[in-house]
Amino acid sequence: MEPTRTAMLAMAGLVAAVVSTTALSTAAPSLISMPNSDRPSYDFHDESCPNLRQMVHDAVEEAIKEDIGVVAGLLRVMFHDCFPQGCDASLLLSDKFWSELNMPQNRGIRRNAVYLIESIRVKVQDACGPTVSCTDIMNLATREAVMHFEVPGYEVPLGLLDSRAPAPRDNVEQLPGPDFNATQLIQSFKTRGFDITDVVALSGAHTIGRSSCGSFKNRFGENADFVRWLQGTCARNPNHLQDLDVTTPEKFDNVYYNNLKEGKGVLNSDMALTRDANTSWLVDGFAQDQGWFFSQFGTSMRKMAHLPSEFGKNGEIRKYSCFWANFRGPEGPTADLAASA
């Protein structure tokens, strides 16, 4: 039986005890089953590309120096790629007919994060040949971005393959929306094997990043000073990009949860976590204990990285670009556009 919010706040050291013994969401996903017993594994590239992790680390650190927002971009790229049909880098595919990036659910994804993944692919391929998928690079780069803020590292399966086509529209439309309430969030995440603790922990990714006014305009009219401030800001500049953490927008920390407790969550889906007894006690706990949040965030991200994809068996390693499948050749979609002109 889950503890109530009151009990949690009253019992000193409860959170610390929980963390020191076992996390609430600790089910360790097994490696995705594939025909070859050595694929995937956590050390899959150790022999074929021994400097892979260092190359990814260096590229991500350099990108963060230029724009801290690339961290939020990588987190969103990974989540929006893995949630629809498992981690397969389908989100990155650019096609004249159909691209996931053009769907409303993916509006506002930072292109510098997308380009960073491709730039790393070029460096890795130059050093190791076409041995590392864009999917592996995406997952490793996201992990490195999170670890920049001293979040504990988490395991990601390596040896995953890239899809040859974007995810179906129906799958992309299953992504949880910024206007969801807690029940909708819980049910949405449950379809991918996540529990309530995962929902609240992964929402903590909003400790860094920004959102357009359209993502929270459904809140305009609420009788709250903070919402009136948001509405006024957007009225003055409809193109305004609002920091999701209004207190420490360039730090990955637990202040996001303290903001929620003060009524300063930007998205409806953020504030919804404080209005439901199933989630509010976790908001309180993560607000009190950043170590617990960091630990659980890593656990939940590990589960995200392990979401199975059918392209684990039928995919490829994109050797020309992360933005198109190999059958398009070295010129990619531009050749199709030229031919149809």
Undergrad: Are V114 and V71 connected into the same hydrophobic cluster when the rule is that any two of I, L, V, M, F, W, Y join if their side-chain heavy atoms are below 4.5 Å apart?
TA: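 Yes: a chain of side-chain contacts under 4.5 Å links V71 to V114.
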
Undergrad: List the residues meeting salt bridge (Lys or Arg N to Asp or Glu O under 4.0 Å) with R76, not counting sequence neighbours, and say none if there are none.
TA: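 Residues passing salt bridge (Lys or Arg N to Asp or Glu O under 4.0 Å) with R76: none at all.
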
Undergrad: Are D126 and K123 ion-paired here, with the side-chain N under 4.0 Å from a carboxylate O?
TA: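 Salt bridge: no.
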
Undergrad: If we ignore hydrogens and angles and just use 3.5 Å, is the side chain of Q231 paired with the main-chain N or O of F220 as donor and acceptor?
TA: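 No, because the side chain of Q231 does not come within donor-acceptor range (under 3.5 Å) of the backbone of F220.
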
Undergrad: Considering only heavy atoms from C-beta outward, does the side chain of N112 approach that of E66 to under 4.5 Å?
TA: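 Contact flag for N112/E66 side chains = no.
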
Undergrad: With no hydrogens and no angle check, is any side-chain donor or acceptor of N237 less than 3.5 Å from a backbone partner on N239?
TA: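 Flag set: sc N237 to bb N239 pair under 3.5 Å.
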
Undergrad: According to side chain to side chain contact (heavy atoms under 4.5 Å, CB included), who are the partners of Q54, at least two apart in sequence or on a separate chain?
TA: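 For Q54 the side chain to side chain contact (heavy atoms under 4.5 Å, CB included) partners, ignoring immediate neighbours, are H57, D58.
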
Undergrad: Within the structure provided, determine whether Q125 and P130 are in side-chain contact (heavy-atom separation under 4.5 Å).
TA: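 Sidechains of P130 and Q125: in contact.
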
Undergrad: So which atom in C82 and which in M138 form the shortest heavy-atom distance, rounded to 0.1 Å?
TA: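 Looking at all heavy atoms of both residues, the shortest contact is SG-CE, 4.1 Å.
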
Undergrad: To check you understand the geometry: which heavy-atom pair defines the closest contact between N171 and R192, and what is its length?
TA: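 Nearest pair, atom of N171 first, then R192: O-NH2, 4.2 Å.
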
Undergrad: Give a yes or no on whether the backbone of G329 and the side-chain of W324 come within a donor-acceptor separation of less than 3.5 Å.
TA: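 Side chain of W324 to backbone of G329: a pair is present.
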
Undergrad: Do D198 and M304 have side-chain heavy atoms sitting under 4.5 Å apart?
TA: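 With C-beta onward as the side chain, the pair stays apart.
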
Undergrad: Roughly how far, to the nearest 0.5 Å, is the CZ atom of R143 from the CE atom of M78?
TA: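 Nearest 0.5 Å value for the CE-CZ distance: 10.5 Å.
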
Undergrad: For D162 and T135, which I'm curious about, is there any donor-acceptor pair between the side chains at under 3.5 Å?
TA: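 A donor-acceptor contact under 3.5 Å links the two side chains.
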
Undergrad: Can you tell me how far the CD atom of E222 sits from the CZ atom of R228, to the nearest 0.5 Å?
TA: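 Answer rounded to 0.5 Å: 10.0 Å.
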
Undergrad: Following the transitive rule for hydrophobic clusters with a side-chain heavy-atom cut-off under 4.5 Å over Ile, Leu, Val, Met, Phe, Trp and Tyr, establish whether L92 and W98 coincide in one cluster.
TA: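 Yes: a chain of side-chain contacts under 4.5 Å links L92 to W98.
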
Undergrad: Measuring from atom CD of Q105 to atom NE2 of H80, what distance do you get when rounded to the nearest 0.5 angstrom?
TA: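 Those atoms lie 8.5 Å apart.
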
Undergrad: Are more than 12 heavy atoms from other residues, nucleotides or ligands located less than 6.0 Å from atom CD of E250?
TA: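 Not more than 12 within 6.0 Å, no.
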
Undergrad: Check S133 against D136 and note the closest heavy-atom contact, atom names and distance.
TA: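 For S133 and D136, the tightest heavy-atom pair comes out as OG-N, 3.0 Å.
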
Undergrad: Looking at side-chain heavy atoms only, is the closest gap between F226 and L230 below 4.5 Å?
TA: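 Counting from C-beta outward, F226 and L230 do come under 4.5 Å.
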
Undergrad: Check for me, please, whether L267 and V199 land in the same ILVMFWY cluster - side-chain distances under 4.5 Å, paths through other members count.
TA: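 In one cluster with L267: V199, no.
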
Undergrad: Does the D289 side chain pair with the main chain of W292, one donor and one acceptor, at a distance under 3.5 Å?
TA: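 Looks like yes, one N/O pair under 3.5 Å.
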
Undergrad: Hydrophobic cluster membership, with links at side-chain heavy-atom distances under 4.5 Å among I/L/V/M/F/W/Y: are I117 and V122 in one?
TA: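 They do not share one cluster, since no chain of ILVMFWY contacts under 4.5 Å joins I117 to V122.
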
Undergrad: Identify, with sequence neighbours excluded, every residue that meets side chain to side chain contact (heavy atoms under 4.5 Å, CB included) alongside S188.
TA: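 Only F83, P176, F180 meet the side chain to side chain contact (heavy atoms under 4.5 Å, CB included) criterion with S188.
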
Undergrad: Find the distance between OG (S309) and CG (L160) and round it off to the nearest 0.5 Å.
TA: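 Going from the OG atom of S309 to the CG atom of L160 covers 8.0 Å.
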
Undergrad: Give the minimum heavy-atom separation between V246 and N259, together with the two atoms involved.
TA: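 Taking V246 first and N259 second, the nearest heavy atoms are N-ND2, 3.7 Å.
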
Undergrad: Look at the aromatic rings of H306 and Y42 and report parallel, tilted or perpendicular, splitting at 30° and 60°.
TA: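 Correct class here is perpendicular.
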
Undergrad: Kindly indicate whether the side chain of F79, heavy atoms from C-beta on, has any atom under 4.5 Å from the side chain of L175.
TA: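 The answer is yes; the side chains approach within 4.5 Å.
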
Undergrad: Using modelled atom types and a 3.5 Å cut-off, is there a donor and acceptor pairing between side-chain atoms of E118 and backbone atoms of F323?
TA: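 Checked: no pair found.
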
Undergrad: Under 4.5 Å between side-chain heavy atoms, counting indirect links through other Ile/Leu/Val/Met/Phe/Trp/Tyr residues: same cluster for L244 and Y256 or not?
TA: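 Each belongs to a different hydrophobic cluster.
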
Undergrad: When you measure from the side chain of N268 to the backbone of P178, do you find a donor-acceptor pair of N or O atoms at a distance under 3.5 Å?
TA: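 Between the backbone of P178 and the side chain of N268 there is no qualifying donor-acceptor contact (under 3.5 Å).
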
Undergrad: What's the shortest heavy-atom distance between D81 and D88, and which atoms?
TA: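 Shortest heavy-atom contact: OD2-N, 3.1 Å.
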
Undergrad: Of the options N258, T248, T247, which is the one that meets D253 in a side-chain hydrogen bond (donor to acceptor under 3.5 Å, both in side chains)?
TA: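 Of the listed residues N258, T248, T247, the side-chain hydrogen bond (donor to acceptor under 3.5 Å, both in side chains) partner of D253 is T248.
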
Undergrad: Could you tell me which residues satisfy ring pair (Phe, Tyr, Trp, His ring centres under 6.0 Å) with Y257, sequence neighbours excluded, listed by chain and number?
TA: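 Y257 satisfies ring pair (Phe, Tyr, Trp, His ring centres under 6.0 Å) with F286, F293 once adjacent residues are dropped.
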
Undergrad: What are the two closest non-hydrogen atoms of E100 and S90, and how far apart are they?
TA: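 What the structure gives for the nearest pair is OE2-OG, 2.6 Å.
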
Undergrad: Check side chain to side chain contact (heavy atoms under 4.5 Å, CB included) between V146 and all other residues, then give those that pass, not counting sequence neighbours.
TA: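 Scan of V146 (side chain to side chain contact (heavy atoms under 4.5 Å, CB included), adjacent residues dropped) gives L75, V151, F297.
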
Undergrad: Please examine the side chains of L91 and I109, heavy atoms only from C-beta on, and report whether any two atoms are closer than 4.5 Å.
TA: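 When only atoms from C-beta onward are counted, L91 and I109 do touch, with a gap below 4.5 Å.
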
Undergrad: Just by modelled atom types, is the S203 backbone N or O under 3.5 Å from a matching donor or acceptor in the D270 side chain?
TA: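 No, because the side chain of D270 does not come within donor-acceptor range (under 3.5 Å) of the backbone of S203.
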
Undergrad: Does any N or O in the side chain of R318 come within less than 3.5 Å of the main-chain N or O of A89, such that one atom is a donor and the other an acceptor?
TA: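 It does hold such a pair.
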
Undergrad: Passes side-chain contact (heavy atoms from CB on, under 4.5 Å), K261 versus V283? Steps please.
TA: CA-CA 8 Å; K261 293 179 65 176; V283 172; 4.0 Å; yes

Undergrad: Check the surroundings of atom CZ in F149: do more than 12 heavy atoms from other residues, nucleotides or ligands lie under 6.0 Å from it?
TA: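 Counting other residues, nucleotides and ligands, CZ of F149 exceeds 12 neighbours.
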
Undergrad: Please list, chain by chain and in numerical order, all residues satisfying side chain to side chain contact (heavy atoms under 4.5 Å, CB included) with K190, sequence neighbours excluded.
TA: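 So K190 forms a side chain to side chain contact (heavy atoms under 4.5 Å, CB included) with Q187.
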
Undergrad: Could you measure the distance from the CD atom of E62 to the CG atom of L116? Nearest 0.5 Å is fine.
TA: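 The CD atom of E62 sits 10.5 Å away from the CG atom of L116.
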
Undergrad: Taking the side chain as everything from C-beta on, heavy atoms only, tell me whether R53 gets closer than 4.5 Å to L158.
TA: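 The answer is yes, as the side chains (C-beta and beyond) meet within the 4.5 Å cut-off.
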
Undergrad: Would you say V266 and S215 make side-chain contact, with heavy atoms under 4.5 Å?
TA: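 Not touching, per the 4.5 Å side-chain cut-off.
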
Undergrad: Using 0.5 Å steps for rounding, measure from the CD1 atom of I120 to the CD atom of E144.
TA: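 I120 atom CD1 to E144 atom CD measures 9.0 Å (nearest 0.5 Å).
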
Undergrad: Check for a donor-acceptor pair, side chain of T279 on one end and backbone N or O of R275 on the other, with a separation under 3.5 Å.
TA: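 Such a contact is absent between T279 side chain and R275 backbone.
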
Undergrad: Treating T207 as the side-chain partner and K251 as the backbone partner, does any N or O pair qualify as donor plus acceptor under 3.5 Å?
TA: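 Present.
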
